Student: 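Below: one structure in C-alpha coordinates.
Fair warning: this is a prediction, and the values are worked out from it, not measured in the lab. Whatever order the structure lists ligands and atoms in, that order sets their numbers, starting from 1.
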Amino acid sequence: MENQSDLLNKQLLNDIGNIARVTSAEGKVASYIPELSRMSAELFSLSCQPVDSPMVETGDCGQFFTMQSMAKIISLAFAIEQFGCENVFRHVGMEASADSFNSLMRIEMTSSKPSNPFMNAGAIAVCSLIFKAYKEESLKRITDFLKSVIGEENGFDEKVFLSEKRSADRNRALAFFMKSMGLLHGDVEAILDLYFTLCSLRCTSGGLAKIGAMIASGGTSVVSGEKLIANETVYTLLGLMSSCGLYNESGEFAVRVGLPGKSGVSGGILAVVPGRMGIGVFSPALNAKGNSVAGIRALELLSEKLDLRGLGL
Ligand SMILES: NC(=O)CC[C@H](N)C(=O)O
(Lines give C-alpha, C1' and ligand atoms only; values in the text may rest on other atoms or scores of the structure.)
Protein backbone atom coordinates (compact mmCIF):
# COMPACT_ATOMS: atom_id res chain seq x y z
CA MET A 1 0.00 0.00 0.00
CA GLU A 2 1.18 3.46 -0.82
CA ASN A 3 2.44 5.50 2.09
CA GLN A 4 0.77 8.96 2.43
CA SER A 5 4.13 10.69 2.38
CA ASP A 6 5.00 8.98 -0.95
CA LEU A 7 1.98 10.74 -2.42
CA LEU A 8 3.50 14.15 -1.76
CA ASN A 9 5.39 14.94 -4.94
CA LYS A 10 5.75 17.73 -7.47
CA GLN A 11 3.19 16.22 -9.84
CA LEU A 12 0.53 16.27 -7.12
CA LEU A 13 1.31 19.91 -6.30
CA ASN A 14 1.29 20.85 -10.01
CA ASP A 15 -2.14 19.25 -10.41
CA ILE A 16 -3.48 21.00 -7.31
CA GLY A 17 -1.98 24.31 -8.48
CA ASN A 18 -3.65 24.01 -11.87
CA ILE A 19 -7.07 23.47 -10.34
CA ALA A 20 -6.69 26.01 -7.52
CA ARG A 21 -5.14 28.94 -9.36
CA VAL A 22 -8.13 29.51 -11.66
CA THR A 23 -10.34 30.12 -8.62
CA SER A 24 -8.40 33.32 -7.94
CA ALA A 25 -10.71 34.96 -10.52
CA GLU A 26 -13.38 34.89 -7.76
CA GLY A 27 -11.29 37.13 -5.50
CA LYS A 28 -9.71 40.60 -5.45
CA VAL A 29 -6.20 41.70 -4.56
CA ALA A 30 -6.20 43.81 -1.37
CA SER A 31 -6.18 47.55 -2.05
CA TYR A 32 -6.83 49.15 1.35
CA ILE A 33 -3.03 49.17 1.64
CA PRO A 34 -2.50 50.74 -1.83
CA GLU A 35 0.92 49.18 -2.49
CA LEU A 36 -0.51 45.65 -2.07
CA SER A 37 -2.79 46.19 -5.08
CA ARG A 38 0.25 46.20 -7.40
CA MET A 39 0.66 42.44 -6.97
CA SER A 40 -0.53 40.39 -9.96
CA ALA A 41 -3.61 38.27 -9.21
CA GLU A 42 -2.16 35.57 -11.50
CA LEU A 43 0.67 34.63 -9.16
CA PHE A 44 0.49 31.31 -7.36
CA SER A 45 2.91 29.18 -5.37
CA LEU A 46 2.54 26.17 -3.11
CA SER A 47 5.34 24.76 -0.95
CA CYS A 48 5.38 21.76 1.38
CA GLN A 49 8.21 21.31 3.84
CA PRO A 50 8.06 17.86 5.47
CA VAL A 51 9.74 17.68 8.89
CA ASP A 52 12.15 15.00 7.67
CA SER A 53 12.60 15.36 3.92
CA PRO A 54 13.30 18.07 1.33
CA MET A 55 10.81 20.76 0.32
CA VAL A 56 8.42 20.05 -2.56
CA GLU A 57 7.10 23.13 -4.42
CA THR A 58 5.17 24.30 -7.44
CA GLY A 59 4.36 27.61 -9.16
CA ASP A 60 6.01 31.01 -8.71
CA CYS A 61 8.12 29.81 -5.80
CA GLY A 62 10.72 32.58 -5.99
CA GLN A 63 8.05 35.29 -5.72
CA PHE A 64 8.41 37.46 -2.63
CA PHE A 65 5.37 38.91 -0.91
CA THR A 66 4.85 40.49 2.50
CA MET A 67 4.03 38.46 5.57
CA GLN A 68 1.19 40.71 6.77
CA SER A 69 -0.80 38.84 9.42
CA MET A 70 1.30 35.71 9.09
CA ALA A 71 4.02 37.65 10.93
CA LYS A 72 1.71 37.55 13.96
CA ILE A 73 2.80 33.92 14.44
CA ILE A 74 6.42 34.99 14.70
CA SER A 75 5.80 37.93 17.05
CA LEU A 76 3.52 35.82 19.26
CA ALA A 77 5.98 32.89 19.44
CA PHE A 78 8.79 35.34 20.23
CA ALA A 79 6.74 37.08 22.95
CA ILE A 80 5.69 33.81 24.62
CA GLU A 81 9.29 32.60 24.60
CA GLN A 82 10.53 35.86 26.16
CA PHE A 83 7.79 36.68 28.64
CA GLY A 84 5.87 33.41 29.19
CA CYS A 85 2.30 32.53 28.29
CA GLU A 86 0.80 33.94 31.46
CA ASN A 87 2.28 37.39 30.98
CA VAL A 88 1.36 37.59 27.30
CA PHE A 89 -2.24 36.46 27.79
CA ARG A 90 -2.75 38.96 30.58
CA HIS A 91 -2.90 41.54 27.74
CA VAL A 92 -4.66 39.59 25.00
CA GLY A 93 -7.35 36.88 24.98
CA MET A 94 -7.45 33.38 23.51
CA GLU A 95 -10.95 33.46 22.10
CA ALA A 96 -12.13 33.18 18.54
CA SER A 97 -13.98 36.21 17.27
CA ALA A 98 -16.72 36.53 14.70
CA ASP A 99 -15.47 40.03 13.89
CA SER A 100 -13.30 41.07 10.96
CA PHE A 101 -9.54 41.27 11.56
CA ASN A 102 -9.48 45.04 12.09
CA SER A 103 -12.66 45.39 14.10
CA LEU A 104 -12.95 48.00 16.85
CA MET A 105 -16.39 47.02 17.97
CA ARG A 106 -15.73 44.39 20.63
CA ILE A 107 -13.13 46.48 22.42
CA GLU A 108 -15.55 49.33 22.84
CA MET A 109 -18.44 47.06 23.78
CA THR A 110 -16.59 45.03 26.39
CA SER A 111 -13.80 47.44 27.46
CA SER A 112 -11.62 44.39 27.76
CA LYS A 113 -8.43 43.10 26.21
CA PRO A 114 -8.48 42.15 22.49
CA SER A 115 -10.06 38.75 21.75
CA ASN A 116 -6.92 37.03 20.44
CA PRO A 117 -3.39 37.80 19.21
CA PHE A 118 -4.29 37.28 15.53
CA MET A 119 -6.79 40.13 15.38
CA ASN A 120 -4.98 43.38 14.60
CA ALA A 121 -5.79 44.77 18.05
CA GLY A 122 -4.30 41.70 19.73
CA ALA A 123 -1.22 41.70 17.55
CA ILE A 124 -0.64 45.39 18.28
CA ALA A 125 -0.93 44.59 22.01
CA VAL A 126 1.73 41.86 21.58
CA CYS A 127 3.96 44.39 19.78
CA SER A 128 3.55 46.79 22.70
CA LEU A 129 4.84 44.14 25.14
CA ILE A 130 7.84 43.46 22.95
CA PHE A 131 8.50 47.17 22.45
CA LYS A 132 8.28 47.85 26.17
CA ALA A 133 11.03 45.29 26.80
CA TYR A 134 13.37 45.87 23.87
CA LYS A 135 12.58 49.37 22.53
CA GLU A 136 14.44 50.11 19.26
CA GLU A 137 16.05 46.67 19.38
CA SER A 138 12.65 44.95 19.09
CA LEU A 139 12.65 44.51 15.31
CA LYS A 140 16.16 43.06 15.23
CA ARG A 141 15.31 40.57 17.99
CA ILE A 142 12.22 39.36 16.12
CA THR A 143 13.92 39.16 12.73
CA ASP A 144 16.85 37.26 14.29
CA PHE A 145 14.30 34.79 15.61
CA LEU A 146 12.68 34.55 12.16
CA LYS A 147 16.10 33.95 10.62
CA SER A 148 16.70 31.06 13.02
CA VAL A 149 13.42 29.52 11.81
CA ILE A 150 13.83 29.89 8.04
CA GLY A 151 17.61 30.15 7.71
CA GLU A 152 17.58 33.36 5.70
CA GLU A 153 16.98 37.06 5.99
CA ASN A 154 14.80 38.63 3.32
CA GLY A 155 14.40 42.13 4.69
CA PHE A 156 11.22 44.13 4.54
CA ASP A 157 9.36 45.85 1.72
CA GLU A 158 9.74 49.54 2.43
CA LYS A 159 7.10 50.57 -0.11
CA VAL A 160 4.49 48.35 1.53
CA PHE A 161 5.58 49.56 4.96
CA LEU A 162 5.22 53.24 3.97
CA SER A 163 1.97 52.57 2.14
CA GLU A 164 0.47 50.93 5.22
CA LYS A 165 1.84 53.60 7.55
CA ARG A 166 0.22 56.31 5.41
CA SER A 167 -3.12 54.56 5.08
CA ALA A 168 -3.44 52.97 8.52
CA ASP A 169 -6.23 55.15 9.87
CA ARG A 170 -8.02 52.13 11.20
CA ASN A 171 -5.06 50.48 12.95
CA ARG A 172 -4.05 53.88 14.32
CA ALA A 173 -7.59 54.38 15.62
CA LEU A 174 -7.53 50.91 17.18
CA ALA A 175 -4.22 51.52 18.92
CA PHE A 176 -5.07 54.98 20.28
CA PHE A 177 -8.47 53.73 21.35
CA MET A 178 -6.86 50.85 23.26
CA LYS A 179 -4.45 53.28 24.86
CA SER A 180 -7.32 55.52 25.97
CA MET A 181 -8.90 52.51 27.65
CA GLY A 182 -5.71 51.50 29.43
CA LEU A 183 -5.32 48.38 27.27
CA LEU A 184 -2.13 49.55 25.55
CA HIS A 185 0.85 51.37 27.02
CA GLY A 186 3.77 53.28 25.60
CA ASP A 187 4.56 55.21 22.44
CA VAL A 188 1.70 54.30 20.09
CA GLU A 189 3.41 55.47 16.88
CA ALA A 190 6.57 53.51 17.70
CA ILE A 191 4.52 50.38 18.49
CA LEU A 192 2.61 50.78 15.22
CA ASP A 193 5.86 51.21 13.29
CA LEU A 194 7.02 47.88 14.72
CA TYR A 195 3.69 46.28 13.76
CA PHE A 196 3.76 47.70 10.19
CA THR A 197 7.38 46.62 9.71
CA LEU A 198 6.56 43.06 10.80
CA CYS A 199 3.61 43.03 8.39
CA SER A 200 5.92 44.14 5.56
CA LEU A 201 8.64 41.52 6.12
CA ARG A 202 9.33 39.75 2.82
CA CYS A 203 8.84 36.02 2.45
CA THR A 204 8.12 33.26 -0.06
CA SER A 205 5.73 30.32 0.20
CA GLY A 206 8.82 28.21 0.96
CA GLY A 207 9.60 30.43 3.95
CA LEU A 208 6.04 30.02 5.22
CA ALA A 209 6.37 26.24 4.82
CA LYS A 210 9.55 26.30 6.92
CA ILE A 211 7.80 28.24 9.70
CA GLY A 212 4.98 25.68 9.53
CA ALA A 213 7.47 22.80 9.64
CA MET A 214 9.13 24.26 12.75
CA ILE A 215 5.72 24.21 14.46
CA ALA A 216 4.91 20.76 13.00
CA SER A 217 8.13 19.32 14.38
CA GLY A 218 7.36 20.52 17.91
CA GLY A 219 9.48 23.66 17.76
CA THR A 220 12.63 22.43 16.03
CA SER A 221 14.04 24.40 13.10
CA VAL A 222 14.12 22.30 9.94
CA VAL A 223 17.07 24.41 8.86
CA SER A 224 19.40 23.97 11.84
CA GLY A 225 17.84 21.13 13.84
CA GLU A 226 17.84 23.47 16.84
CA LYS A 227 14.90 23.45 19.28
CA LEU A 228 13.68 27.04 19.05
CA ILE A 229 10.41 27.18 20.96
CA ALA A 230 9.02 25.24 23.93
CA ASN A 231 6.28 22.62 23.54
CA GLU A 232 3.89 24.92 25.39
CA THR A 233 4.47 27.64 22.78
CA VAL A 234 3.84 25.12 19.99
CA TYR A 235 0.51 24.03 21.51
CA THR A 236 -0.52 27.63 22.07
CA LEU A 237 0.19 28.51 18.42
CA LEU A 238 -1.64 25.43 17.14
CA GLY A 239 -4.67 26.05 19.34
CA LEU A 240 -4.94 29.66 18.25
CA MET A 241 -4.30 28.91 14.57
CA SER A 242 -7.06 26.28 14.63
CA SER A 243 -9.57 28.56 16.30
CA CYS A 244 -8.61 32.06 15.11
CA GLY A 245 -6.08 31.80 12.25
CA LEU A 246 -8.43 32.89 9.48
CA TYR A 247 -10.42 35.42 11.50
CA ASN A 248 -14.16 35.07 10.95
CA GLU A 249 -13.55 32.33 8.40
CA SER A 250 -11.72 30.07 10.88
CA GLY A 251 -14.68 27.73 11.34
CA GLU A 252 -15.20 27.22 7.62
CA PHE A 253 -11.46 26.71 7.11
CA ALA A 254 -11.45 24.07 9.86
CA VAL A 255 -14.26 22.23 8.08
CA ARG A 256 -12.94 22.55 4.52
CA VAL A 257 -9.20 22.16 5.16
CA GLY A 258 -9.10 20.74 8.67
CA LEU A 259 -5.63 22.04 9.60
CA PRO A 260 -4.31 24.82 11.84
CA GLY A 261 -3.61 27.80 9.57
CA LYS A 262 -2.79 31.51 9.48
CA SER A 263 -3.58 33.86 6.62
CA GLY A 264 -2.45 37.34 5.62
CA VAL A 265 -3.91 40.01 3.33
CA SER A 266 -0.97 39.65 0.93
CA GLY A 267 -2.61 36.34 -0.08
CA GLY A 268 -0.40 33.93 1.82
CA ILE A 269 -1.61 31.14 4.08
CA LEU A 270 0.60 29.07 6.35
CA ALA A 271 -0.72 25.68 7.50
CA VAL A 272 0.63 23.00 9.81
CA VAL A 273 0.26 19.23 9.74
CA PRO A 274 1.54 18.37 13.22
CA GLY A 275 4.30 15.78 13.15
CA ARG A 276 4.38 15.82 9.35
CA MET A 277 4.95 19.10 7.54
CA GLY A 278 4.51 22.82 7.10
CA ILE A 279 2.68 24.22 4.08
CA GLY A 280 2.92 27.69 2.52
CA VAL A 281 0.61 28.84 -0.23
CA PHE A 282 0.39 32.19 -1.99
CA SER A 283 -2.20 33.69 -4.34
CA PRO A 284 -3.03 37.38 -3.84
CA ALA A 285 -6.74 37.48 -4.76
CA LEU A 286 -8.80 37.51 -1.55
CA ASN A 287 -12.38 36.71 -0.64
CA ALA A 288 -14.58 39.12 1.32
CA LYS A 289 -13.07 37.99 4.63
CA GLY A 290 -9.53 38.84 3.52
CA ASN A 291 -8.30 35.30 2.87
CA SER A 292 -6.76 33.93 -0.34
CA VAL A 293 -9.38 32.21 -2.51
CA ALA A 294 -6.97 29.96 -4.43
CA GLY A 295 -4.87 29.45 -1.31
CA ILE A 296 -7.80 27.95 0.57
CA ARG A 297 -8.77 25.86 -2.45
CA ALA A 298 -5.22 24.50 -2.79
CA LEU A 299 -5.07 23.58 0.89
CA GLU A 300 -8.47 21.94 0.67
CA LEU A 301 -7.33 19.79 -2.27
CA LEU A 302 -4.02 18.91 -0.63
CA SER A 303 -5.73 17.98 2.60
CA GLU A 304 -8.18 15.78 0.71
CA LYS A 305 -5.54 14.05 -1.46
CA LEU A 306 -3.19 13.33 1.43
CA ASP A 307 -5.97 12.61 3.89
CA LEU A 308 -4.86 15.35 6.31
CA ARG A 309 -8.22 16.71 7.40
CA GLY A 310 -8.58 16.98 11.14
CA LEU A 311 -4.91 16.42 11.96
CA GLY A 312 -3.98 18.81 14.72
CA LEU A 313 -7.41 20.31 15.32
N1 LIG B 1 -5.14 40.41 7.78
C2 LIG B 1 -3.97 40.99 7.64
O3 LIG B 1 -3.04 40.43 7.04
C4 LIG B 1 -3.86 42.37 8.20
C5 LIG B 1 -2.45 42.92 8.22
C6 LIG B 1 -2.39 44.34 7.75
N7 LIG B 1 -1.04 44.82 7.81
C8 LIG B 1 -3.30 45.21 8.60
O9 LIG B 1 -2.97 45.54 9.68
O10 LIG B 1 -4.36 45.59 8.18
Student: Hey, what's the ring geometry for Phe78 with Phe145, parallel, tilted or perpendicular (30° and 60° as the breaks)?
Tutor: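 Phe78 and Phe145: tilted rings.
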Student: Cation over ring, Lys289 on Tyr247, under 6.0 Å and within 45°?
Tutor: no
Student: Let's go through Glu152 and Lys210 carefully: what are the C-alpha distance in whole Å and the side-chain angles of both, what is the deciding distance for salt bridge (charged side-chain N to carboxylate O under 4.0 Å, His left out) to 0.1 Å, and is it a yes or a no?
Tutor: CA-CA 11 Å; Glu152 57 196 45; Lys210 286 191 219 162; 3.7 Å; yes
Student: Measure from NZ or CZ of Arg21 to the centre of the six-membered ring of Phe44, then state whether that distance is under 6.0 Å and the direction lies within 45° of the axis.
Tutor: no
Student: Anything under 3.5 Å between an N or O on ligand 1 and a protein N or O? List each pair with its distance, or write none.
Tutor:
unit_1	atom_1	unit_2	atom_2	d
ligand 1	1 (N)	Ser69	OG	3.0
ligand 1	1 (N)	Tyr247	OH	3.0
ligand 1	3 (O)	Ser69	N	3.0
ligand 1	3 (O)	Ser69	OG	2.8
ligand 1	3 (O)	Val265	N	2.8
ligand 1	7 (N)	Gln68	OE1	2.6
ligand 1	7 (N)	Glu164	OE1	3.0
ligand 1	7 (N)	Glu164	OE2	2.7
ligand 1	9 (O)	Asn120	ND2	3.0
ligand 1	9 (O)	Glu164	OE2	3.1
ligand 1	9 (O)	Asn171	ND2	2.8
ligand 1	9 (O)	Tyr195	OH	2.7
ligand 1	10 (O)	Tyr32	OH	2.5
ligand 1	10 (O)	Asn120	ND2	3.4

Student: Has Lys159 got more than 12 heavy atoms of other residues, nucleotides or ligands less than 6.0 Å from its NZ?
Tutor: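 12 or below, so no.
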Student: Kindly state each residue pair satisfying ring pair (Phe, Tyr, Trp, His ring centres under 6.0 Å) with at least one member in residues 252-305, sequence neighbours excluded.
Tutor: Phe65-Phe282
